[in-house]
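Only a predicted model underlies this, so the values are computations on that prediction, with no experimental measurement involved.
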There are 2 protein chains.
Amino acid sequence: MNKCDQCIVRQLSSLKALNKEEVVKLANSKTSYSIKKGDAIFEEGEVTNGVFCIKDGVGKLSKLSANGKDQIVKLVKSGELLGQRSMISNEPANLSAKAIADMEVCFIPKSEIIHFFNNNNQFSLNLMQSICEDLKESENDKIALVQKTVKQRLAETLLHLHDEFGENADKTLKVQLTREELAGIIGTATESCIRLLSDFNKLELIELVGKKIMLKNVKALKKIAE
Amino acid sequence: MNKCDQCIVRQLSSLKALNKEEVVKLANSKTSYSIKKGDAIFEEGEVTNGVFCIKDGVGKLSKLSANGKDQIVKLVKSGELLGQRSMISNEPANLSAKAIADMEVCFIPKSEIIHFFNNNNQFSLNLMQSICEDLKESENDKIALVQKTVKQRLAETLLHLHDEFGENADKTLKVQLTREELAGIIGTATESCIRLLSDFNKLELIELVGKKIMLKNVKALKKIAE
DNA sequence: CTATAAATATGATATTTATCATATGAAAAT
DNA sequence: ATTTTCATATGATAAATATCATATTTATAG
């Protein structure tokens with residue numbers, strides 16, 4: 001069995017507060033999964049009864065609307081935990097989690113997390129801080145959705161994707177999102193997103209390399225995003 | 001000194017997990033304040049170093065945009081705690097908190113809260129659940145902002161205000177918001193908000209009694225909100 | 001390898017919403 | 001009581017964005 005000690009999630013997430021003994025306990029209770037790009041880790045309404053450690057890959061947390069649009073609430077990447085909120089709230093998942101790139105995840109049962117929570121103050125504080133971070137981000141997103149135009153939000157999102165996920169050797173963004181997904185993040189129609197990307201391309205702020213996106217003028221993008 | 005034991009906040013918030021001894025400790029460390037309608041409890045960027053218990057009144061958490069609009073992120077009412085997130089994150093306030101109706105609040109220093117957090121598992125779980133609740137609400141708001149029209153959001157907000165704050169003897173909404181504040185909640189221009197209220201009024205979904213709002217056809221409003 | 005489907009792209013148009021202008025009513029200040 | 005200020009209201013636009021239509025390119029299935 002793969003030990004959790006060296007795992008990136010153990011290094012980056014709330015789990016970093018666990019002591020050796022707890023990590024052994026963790027390693028004994030976890031289940032590993034491979035998730036193919038496009039597949040779901042869990043769906044909205046599902047009772048997960050635990051959290052998922054993201055060892056590798058990128059996922060999206062999203063909610064399907066009545067008109068068939070998939071609003072993306074958050075992207076998650078390796079090192080992060082998934083499903084903390086619904087586990088703590090004792091509620092079915094409010095959002096669906098799907099792989100955007102092939103993922104390696106581990107499932108940790110709720111009992112384990114609650115045990116750590118009750119016996120390790122630093123862990124509970126870390127967990128809480130991570131949820132607080134999510135809350136702050138969500139509130140700021142909410143404000144941006146109202147106070148910024150689609151163009152501003154697109155510029156902001158491109159910069160954010162670049163910061164958070166980095167770039168490939170050819171300087172294109174490492175996260176490979178479809179235009180539809182990108183539209184789902186900034187909260188607009190797919191066509192509007194495509195149109196604006198095309199505008200940015202013409203203005204040489206970005207370059208469209210097939211379906212990939214390369215940031216060419218970060219300064220100008222920042223200015224647009226404000 | 002007013003004992004905390006009988007306080008509504010003690011009954012409704014995470015503080016309900018405190019034992020007698022802890023409540024005495026709480027009562028000895030708190031400071032009480034009266035906040036006049038319109039005044040701030042704290043401003044964006046301020047370091048609060050503790051949380052506020054809302055004994056009475058209604059407040060708004062909001063952020064001022066570059067163009068002078070005040071986006072309201074959340075309303076808070078008696079029984080709730082304020083400033084939990086920034087205290088836990090060890091960050092200055094991300095939002096300003098202002099009184100919408102005269103308020104009675106108590107300030108509890110951070111050291112006190114951290115002590116409870118470290119020594120009372122039920123308290124820390126409650127606190128965490130309350131923040132998770134905020135996160136869920138914020139995520140759902142975010143989705144609604146994108147997926148619903150201003151009209152839908154107005155209907156939704158009116159119903160929500162009715163549910164959460166109740167009505168006066170004359171059946172009007174108990175929270176007295178200006179049109180500008182209402183616009184700040186649904187994320188639209190003040191004029192658009194006024195216009196839609198006027199439309200709802202003509203359709204007899206609501207009745208505008210001066211500046212007050214009375215819900216007349218809840219079923220139809222629900223249908224609009226979906 | 002071709003047929004089919006899906007993603008990207010762009011034009012035309014409709015709809016929604018914001019902005020500017022101005023009027024009226026209500027509250028606060030003197 | 002009257003002036004002044006502010007909130008509410010409504011019309012006339014302008015701007016932003018969505019929707020529908022239709023290519024074109026790219027990916028996928030058979």
Which of these nucleotides, [options], is closest to any side-chain atom of [X]?
{"X": "A:Thr188", "options": "D:dT10, D:dT17, D:dT19", "result": "D:dT17"}
{"X": "A:Ser192", "options": "D:dT17, C:dA18, D:dA9", "result": "D:dT17"}
{"X": "A:Ile194", "options": "C:dA9, D:dA18, D:dA9", "result": "C:dA9"}

Gap between atoms [atom1] and [atom2], on [X] and [N] respectively (whole Å):
{"X": "B:Asp70", "N": "D:dA7", "atom1": "CG", "atom2": "P", "answer": "13 Å"}
{"X": "B:Lys212", "N": "D:dA7", "atom1": "NZ", "atom2": "C1'", "answer": "16 Å"}
{"X": "A:Leu196", "N": "C:dG11", "atom1": "CG", "atom2": "C1'", "answer": "15 Å"}
{"X": "A:Glu191", "N": "C:dA7", "atom1": "CD", "atom2": "C1'", "answer": "12 Å"}
{"X": "A:Ile213", "N": "C:dA7", "atom1": "CD1", "atom2": "P", "answer": "15 Å"}
{"X": "A:Asp199", "N": "C:dT10", "atom1": "CG", "atom2": "C1'", "answer": "11 Å"}
{"X": "B:Glu207", "N": "D:dA9", "atom1": "CD", "atom2": "P", "answer": "13 Å"}
{"X": "A:Glu180", "N": "C:dT8", "atom1": "CD", "atom2": "P", "answer": "8 Å"}

Would B:Glu226 and B:Lys148 count as a salt bridge (charged side-chain N to carboxylate O under 4.0 Å, His left out) if you check the C-alpha gap in whole Å, the side-chain angles of each, and the deciding distance to 0.1 Å? CA-CA 9 Å; B:Glu226 227 95 324; B:Lys148 295 190 173 179; over 6 Å; no
OP1 or OP2 of D:dA9 sitting under 4.0 Å from any side-chain N/O of B:Ser198?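 The answer is no; no side-chain N or O of B:Ser198 sits under 4.0 Å from OP1 or OP2.
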Cationic N near anionic O, under 4.0 Å, [X] to [Y]:
{"X": "A:Asp102", "Y": "A:Lys37", "result": "no"}
{"X": "A:Asp199", "Y": "A:Lys151", "result": "no"}
{"X": "B:Arg85", "Y": "B:Asp134", "result": "no"}

Non-neighbouring partners of B:Lys77 that pass side-chain contact (heavy atoms from CB on, under 4.5 Å), sequence neighbours left out: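 Checked B:Lys77 against side-chain contact (heavy atoms from CB on, under 4.5 Å); matches are B:Glu80, B:Glu164, B:Phe165.
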If you define the side chain from C-beta out and look only at heavy atoms, does anything of B:Phe200 sit under 4.5 Å from B:Leu158?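 Side-chain contact under 4.5 Å: yes.
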Sugar-phosphate only, base, or nothing, as touched by A:Leu208 at under 4.0 Å among non-hydrogen atoms: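 If one applies the 4.0 Å heavy-atom cut-off, A:Leu208 turns out to touch the sugar-phosphate alone, with no base involved.
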What are the residues of residues 142-161 of chain B, sorted by number, that bring a heavy atom to within less than 4.0 Å of DNA chain C?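 Under 4.0 Å from DNA chain C: B:Thr149, B:Val150.
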Answer yes or no: are there more than 12 heavy-atom neighbours, outside A:Glu180 itself, under 6.0 Å from its atom CD?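 Check fails, neighbour count at 12 or below.
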For B:Gln71 and B:Ser62, what are the C-alpha separation, side-chain angles and deciding distance, and is it a side-chain hydrogen bond (donor to acceptor under 3.5 Å, both in side chains)? CA-CA 5 Å; B:Gln71 169 67 16; B:Ser62 65; over 6 Å; no
Both B:Arg195 and A:Arg195 contact DNA chain C. Taking the nearest nucleotide for each, which residue is further toward the 5' end?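 Whichever sits nearer the 5' end wins; that is A:Arg195.
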B/S/- contact track for nucleotides 22-30 of chain D, protein heavy atom under 4.0 Å: -----S---
Is there a salt bridge (charged side-chain N to carboxylate O under 4.0 Å, His left out) between A:Glu91 and B:Lys136 once you walk through the steps? CA-CA 11 Å; A:Glu91 285 174 2; B:Lys136 182 185 173 190; 3.0 Å; yes
